[in-house]
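Just below is one structure, and these are the notes that go with it.
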Amino acid sequence: MSNITRAESMEKLCNMVDNAEYAKIVSHHFSDYVLEIMANNSRELADRLAHTKLSNEGVERLVKAYDSNIITMGDLLHITNYSLVSGGSEKYFNDYFSSIAAGLDTQTASRILVAAKFEDWSYNEIYSMVKSGTYQVGDNTFVALNPDVAREIDKLGIELFAYDKTNDFYLVKDIEQTIVDGDSITFSRSALAMKINEMRSNPDWEDFRNYIAEDMEDIEHLTVDGLVEAYQEYRVEELNIELSRKVDKNFEAFIQGVRDQGVDEAISRCYEITVKTNIQSYIESEPADINEEQYNALLSSENPLDEIYSVWLKREYLKTYDDIPKAMEYAADSILESKKRAQAKDNETLSDKPQLPKKKGGAR
């Protein structure tokens, strides 16, 4: 700065702006420091600060940030341009500067600051939404969906709305055309959008998305909990299909082995054949009430059919077809427990292993 006097700053501003703007500048009672920055920059800045609804303290903080190279003139102009109606974004200044200090680029930070003034979300909420890659902020005041996320939501069959370049609000009917036009696609259920964005990186996302788009009733009112629950159900169904295929192979090998040993062997193993037939039939017909970890435990076994049958024999109260899910649960838990014991033993062996003494240094 050139350290000109207040009077000199006011004279320069008087020659820079019209009488009405000059009168507004005078009425603000800005500090000498702010006036000097205004006088040494463009009329655009002077005009925006003349009409700003920000407090003098807020203006001073922004101007100092610009003068200290924390933000750019473009950032300062963007923020002050949207301060002409109200200074609503000022309450987020601490969050704004903290995010910049944490590494957020100033253009994005300034756009978030302005958007927070018009949206129902706070600065930090929008920051998290943008940081996740789910939303983006442009040079307008809209917090818009990332186009890729918007496509996924559209494919789910959930309605989307957008603002065009003239700020007209409309129902999106052609998602690709809306994206090509560069319109801002809005979606107020940010938690759901962020969850969809997170889940779309799953290898089975596309199959799952098509699954719920076709089968889920009232998908328009889908919630985060509903999405997670639907995915868990989908994963269990898929794992059950995988388990069914493996059990089918186990059963075929079992039956073939019995046949190879003749009729007497088949008669002596009649009970085993009946129970294993029921187990195979149950798994083929419907998922059991066990979780994903338990399914994966059964799938980790070379012969899950034998694992389930072994549990069945050890528990006399397992007698009917409806008891098969319990046998599956017990078998899975037994496999998990065995793995835990083996891991604990390995850890114990490693901790008991003697450490070789370090070689001493020295001339050789």
Practice task
May I ask you to check whether over 12 heavy atoms, not counting those of Glu11, lie within 6.0 Å of atom CD?
Solution key: no
Practice task
State which residues pass side-chain contact (heavy atoms from CB on, under 4.5 Å) with Ala297; sequence neighbours excluded, sorted by chain then number.
Solution key: Ala332, Ile335, Leu336
Exercise for the section: Could you grab the distance from atom NE2 of His78 to atom CG of Asn140, nearest 0.5 Å is fine? Expected result: 8.0 Å
Practice task
Could you check whether the rings of Tyr123 and Tyr96 sit parallel, tilted or perpendicular, using 30° and 60° as the cut-offs?
Solution key: perpendicular
Practice task
May I ask you to decide if Val34's main-chain N or O and Glu60's side chain share a donor-acceptor pair within less than 3.5 Å?
Solution key: no
Handout entry: Aromatic plane relationship, Phe169 with Tyr163 - under 30° parallel, 30 to 60° tilted, over 60° perpendicular
Key = tilted
Handout entry: Sequence neighbours excluded, every pair satisfying ring-ring contact (aromatic ring centres under 6.0 Å, His included) that has a member inside residues 215-240
Key = Phe208-Tyr231, Phe208-Tyr234, Tyr211-Tyr234
Handout entry: Any donor-acceptor pair under 3.5 Å from Asn81 side chain to Arg48 backbone
Key = no
Practice task
Determine yes or no for a side-chain-to-main-chain donor-acceptor pair under 3.5 angstrom, with Ser27 supplying the side chain and Lys24 the backbone.
Solution key: yes
Handout entry: Pairing of Glu242 and Arg245 as salt bridge, 4.0 angstrom limit
Key = no
Exercise for the section: Say whether Leu145 and Phe142 are linked into one hydrophobic cluster, either directly or through other cluster members, by side-chain heavy-atom distances under 4.5 angstrom. Expected result: no
Practice task
May I ask you to decide if Arg235's main-chain N or O and Glu292's side chain share a donor-acceptor pair within less than 3.5 Å?
Solution key: no
Fill in the blank from the handout: Tracing side-chain contacts under 4.5 Å among Ile, Leu, Val, Met, Phe, Trp and Tyr outward from Ile267 reaches Val263
Practice task
Answer yes or no: is there a donor N or O on one side and an acceptor on the other, between the side chain of Lys246 and the main chain of Leu299, under 3.5 Å?
Solution key: yes
Practice task
Indicate yes or no for a side-chain donor-acceptor contact from Ser83 to the backbone of Thr80 under 3.5 Å, with no hydrogens or angles considered.
Solution key: yes
Practice task
Enter the distance from Ser334:OG to Glu307:CD here, rounded to the nearest 0.5 Å.
Solution key: 7.0 Å
Practice task
Would you confirm whether Asp183, through its side chain, and Ile179, through its main-chain N or O, come within 3.5 Å as a donor-acceptor pair?
Solution key: no
Problem - hydrophobic_cluster_shared for Leu84 and Ile79, side chain cutoff 4.5 Å - result: no
Handout entry: Under 3.5 Å: donor-acceptor pair, side chain of Glu8, backbone of Thr5
Key = yes
Exercise for the section: Would you name the heavy atoms of Gly226 and Met216 that are closest together and state the gap between them? Expected result: O-CE, 4.3 Å
Handout entry: Closest non-hydrogen atom pair between Leu192 and Leu227, with its separation
Key = CD1-CD2, 4.1 Å
Practice task
Take Tyr170 and Phe161, measure what ring pair (Phe, Tyr, Trp, His ring centres under 6.0 Å) needs, and give me the verdict at the end.
Solution key: CA-CA 6 Å; Tyr170 67 92; Phe161 293 85; 8.6 Å; no
Handout entry: Cation over ring face, Lys117 and Tyr82, 6.0 Å, 45°
Key = no
Practice task
Go through the steps for Arg200 and Asn197 under the test side-chain contact (heavy atoms from CB on, under 4.5 Å), then give the verdict.
Solution key: CA-CA 5 Å; Arg200 71 188 182 95; Asn197 186 43; 2.7 Å; yes
Exercise for the section: Please assess Glu252 against Lys249 for the test salt bridge (Lys or Arg N to Asp or Glu O under 4.0 Å), listing each intermediate value before the final yes or no. Expected result: CA-CA 5 Å; Glu252 287 172 11; Lys249 290 180 181 178; over 6 Å; no
Handout entry: Over-ring placement of Arg315 relative to Tyr330, 6.0 Å and 45° cut-offs
Key = yes
Practice task
Assess whether atom CG of Asp218 is packed by more than 12 heavy atoms of other residues, nucleotides or ligands within 6.0 Å.
Solution key: yes
Exercise for the section: Ignoring hydrogens and angles, tell me if any N or O in the side chain of His28 forms a donor-acceptor pair with the backbone of Asn56 under 3.5 Å. Expected result: no
Handout entry: Pair Arg61 + Glu57: basic N to acidic O under 4.0 Å
Key = no
Handout entry: Residues Asp154 and Arg151 bridged, charged N to O under 4.0 Å
Key = no
Exercise for the section: Check whether more than 12 heavy atoms from other residues, nucleotides or ligands sit under 6.0 Å from atom CG of Asp174, and answer yes or no. Expected result: yes
Practice task
Kindly check if the number of other-residue, nucleotide or ligand heavy atoms within 6.0 Å of CD (Glu316) is above 12?
Solution key: no
Exercise for the section: Look at the aromatic rings of Phe93 and Phe97 and report parallel, tilted or perpendicular, splitting at 30° and 60°. Expected result: perpendicular
Practice task
Output yes when Glu21 and Arg43 qualify as a salt bridge under the 4.0 Å nitrogen-oxygen rule, no when they do not.
Solution key: yes
Problem - Flag, side chain of Arg189 to backbone of Leu222, donor-acceptor distance under 3.5 Å - result: yes
